[in-house]
Every structure is written in structure tokens, then in C-alpha cells.
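As the structure is a computational prediction, the values presented were derived from the model and not from experiment. Reckoned from all heavy atoms, side chains included, excluding hydrogens, waters and symmetry mates.
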Amino acid sequence: MDKANPLSTPMVVRSLNVENDPFRPCEDNEEVLGPEVPYLSAIGALMYLTNCTRPDISFAVNLLARFSSAPTKRHWNGIKHILRYLRGTVDLGLFYPNDSKEGGYAVAGYLSDPHKAKSQTGYVFMNGGTAISWRSQKQTLVATSSNHAEVIALHEASRECVWLRSMSQHIVTSCGLEKDRSPTPIHEDNAACVSQMKEGYIKSDRTKHIPPRFFAYTRDLIKDNQVEMRYVQSSNNSADLFTKALPTATFRKHVHDIGMRHVRRM
């Protein structure tokens, strides 16, 4: 792929028509790639990259990794699309400035997998204005509404937040510094979901199908002053990068917002 033309995004915007979706599972009339095509090796290398320094390809890699057992030419073209994007952004990486800004963003891509009616969880936590922890994962439960999917995403983000706080406090204590006891803000673009988390679980026709444990855990964290829920507009929710394929302009905005910069070569 060294001589391939670079691309501006790691994946194409998916079609709303399920039958035209290039990332649909292998069909009966399609041929599965043989061992001569290094699909698994490519997925392994890309997963290592996205877990370490390239959160911008997280969603694309997570999506294509689902077809490792039966990849087709369509899925292999998706792998090559990511490699062409990386070819044009070899100098792009996480830049950590001297900044105290921190917090997290969480969002859910409702029915991100229309073939199995599953949604996508995406979250990112920042320190110094740059991502330090991120995740893009298909939800194991079938969410019956967008609110249901958002509640699950906030639950997962809250669990990650607890671990990050314990790690940072351990480091601060080891250095002999004073602990920061202020809550970690988690931004969410669903106003109803933010309100429900602040008020706690209230059984109603719209929430009675959602297990109370998804509310209770995050609600306890809010009471303990460990987490603070904040509303943010969808256009400013950086976690969107981890739940769907985005247009070029939106994609670049979120990549910049999570602290990724091009290294200037001298």
C-alpha cells in the first residue's frame, strides 16, 4: 500500500440501505477469502495501532474485526481503505500539552449494526485536552430505543471513569501530591438521558424495560461526587468518532478535538 493514493477518512460513509451496506456479513453467494489473504494479520496489526496511538480508526477496525471468521472481498477492501488513510496520516498522533483540562465524552450509535439490531458504545476520556482512554464496542444487549442505548453507553463510560480515577489518584499519592476530589465530568448529547442519570431511575412507560442497574451504578457515582453528568451538543460530542462513519469535515473536527495533531517534520 506504499504507492496507494491516501484517503481522508478511514472508512466510507455507510448506506442506509441494509442490502447495499458494504460492511454486511458474508452472503451465501459470496466467496470467503482464503488463507493467502492476510486478513487476520491485518486486523491484529490495526487493533494494536488503535489501542495504542490511533483512536481515529477505532470504529472502522472494530467493525471489520467482526468478520474475521468469514471475510469477503468487500471486507478486505475496507482493510485497504484504512491502510490508505494511514498512508496519508503517518505523521498524525496524540499530542499532550501542559493543560489541566480533563473529562470524558460518551455516546451510543443506535442500531449501528442494522443486521443484528445492535447499537455501538463509544467513549473517550481526556487529560490535558488529549485522549488517554477510548473505546468503540458493539453492545451485547439489543437496545429497544436510542435512550436505552445511551444509558448503556453511560454505564460503560462510568465504569471506565472509576478505574481511571483510581489510577490517577494512586499516581498523585505516590508523588506526595494532594488528591483532586472534584468529580470527573462526562458529557452526553442526550438531554433526557442526562436528566435520568441525575434524578435516578424512575419507572415509566419509556424506562420500565431498561434494567435499573444501568441507572443505579452511575447514580451512586454521582452521589459520591466521583462523576458529574453534563449535556453537550451532538456536534461537539467527540465520542461520535467511535460510533459511526462520519463525513470528512466532521471527522477531522473530532480528531482535532481529542488532541491528535500532525507532527511537523524539520
message: Is there a side chain to side chain donor-acceptor pair (under 3.5 Å) between Asn147 and Ser145? Walk through the geometry before answering.
response: CA-CA 5 Å; Asn147 180 254; Ser145 65; 5.0 Å; no
field: Intermediate values then yes/no, side chain to side chain donor-acceptor pair (under 3.5 Å), Thr248 and Thr9
entry: CA-CA 6 Å; Thr248 302; Thr9 59; 4.9 Å; no
task: Starting from the C-alpha separation in whole Å, work towards a yes-or-no answer on side chain to side chain donor-acceptor pair (under 3.5 Å) for Ser158 and Thr218.
output: CA-CA 6 Å; Ser158 299; Thr218 306; 3.2 Å; yes
field: Derivation of the side chain to side chain donor-acceptor pair (under 3.5 Å) call for His187 and Asn236
entry: CA-CA 10 Å; His187 301 82; Asn236 295 323; over 6 Å; no
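When every heavy atom of Ala108 is checked against every heavy atom of Ala153, the shortest pair comes out as CB-CB, 4.0 Å. Nearest heavy-atom pair across Ser136 and Gln120 is OG-NE2, 2.9 Å. For the pair Asn127 and Tyr96, the tightest heavy-atom approach, listed with the atom from each and the gap, is O-CD2, 4.0 Å. Nearest heavy atom pair, residue Leu86 against residue Leu46, reads CD1-CD2, 3.7 Å. Ser234 approaches Asp189 most closely through the heavy-atom pair OG-OD2, 3.4 Å.
Remark: His115 NE2 is packed, more than 12 non-hydrogen atoms of other residues, nucleotides or ligands lying under 6.0 Å away. Remark: Tyr231 OH is packed, more than 12 non-hydrogen atoms of other residues, nucleotides or ligands lying under 6.0 Å away.
With contacts defined as side-chain heavy-atom distances shorter than 4.5 Å, the pair Val32/Pro71 qualifies. Under the 4.5 Å side-chain criterion, counting only non-hydrogen atoms from C-beta, Val124 is not in contact with Pro55. A heavy-atom distance below 4.5 Å is found between the side chains of Phe125 and Ile186. In this structure, the side chains of Ser112 and Lys138 stay at 4.5 Å or more apart for every pair of heavy atoms. Side-chain atoms of His148 and Pro211, non-hydrogen and from C-beta on, do get closer than 4.5 Å to each other. Residues Phe251 and Pro10 have side chains in contact (heavy-atom distance under 4.5 Å, counting atoms from C-beta outward). At a threshold of 4.5 Å between non-hydrogen side-chain atoms, the residues Leu64 and Ile82 count as touching. A heavy-atom distance below 4.5 Å is found between the side chains of Val142 and Lys118.
Here Thr243 contributes atom OG1 and Arg135 contributes atom CZ; the two are 14.5 Å apart, rounded to the nearest 0.5 Å. One distance of note links OG of Ser146 with CG of Leu111; it measures 9.5 Å at 0.5 Å rounding. Note that CG of Leu246 and NE2 of His254 are 5.5 Å apart. Values are rounded to the nearest 0.5 Å. Residue Cys26 holds its SG atom at 7.5 Å from NE2 of His75, rounded to the nearest 0.5 Å. Put simply, CZ on Phe67 and CD1 on Ile43 are 10.0 Å apart, with the number rounded to the nearest 0.5 Å. In this structure, CZ in Arg24 is found 9.5 Å from CG in Asn17, a value given to the nearest 0.5 Å.
Tyr105 and Asp257 share no side-chain donor-acceptor pair at under 3.5 Å. For the residue pair Asn62 and Arg66, a side-chain donor N or O sits within less than 3.5 Å of a side-chain acceptor on the partner. Side chain to side chain, Ser133 and Glu160 meet the donor-acceptor criterion of an N or O pair below 3.5 Å.
A distance-only check finds no donor-acceptor pair linking the side chain of Thr184 to the backbone of Val227 [under 3.5 Å]. Remark: side-chain polar atoms of Thr173 are not paired, donor with acceptor, to backbone N or O of His170 under 3.5 angstrom. Looking only at distances, no side-chain donor or acceptor of Asn237 sits under 3.5 Å from a matching main-chain atom of Glu188. Looking only at distances, a side-chain donor or acceptor of Lys253 sits under 3.5 Å from a matching main-chain atom of Ser235. Not a single donor-acceptor pair under 3.5 Å links the side chain of Ser68 to the backbone N or O of Leu40. Glu27 places no side-chain N or O within donor-acceptor distance of the main-chain N or O of Asn29, the cut-off being under 3.5 Å.
Judged as a side-chain hydrogen bond (donor to acceptor under 3.5 Å, both in side chains), and not counting sequence neighbours, Thr140 has no contacts.
Ring geometry for Tyr39 against Trp76 counts as tilted: the plane angle lies between 30° and 60°, on a 0 to 90° scale.
When Glu150, Glu156, Gln139, Gln137 are each tested for a side-chain hydrogen bond (donor to acceptor under 3.5 Å, both in side chains) with Thr121, only one passes: Gln139. Shown are His262, Arg84, Arg54; of these, the side-chain hydrogen bond (donor to acceptor under 3.5 Å, both in side chains) with Thr89 is made only by Arg54.
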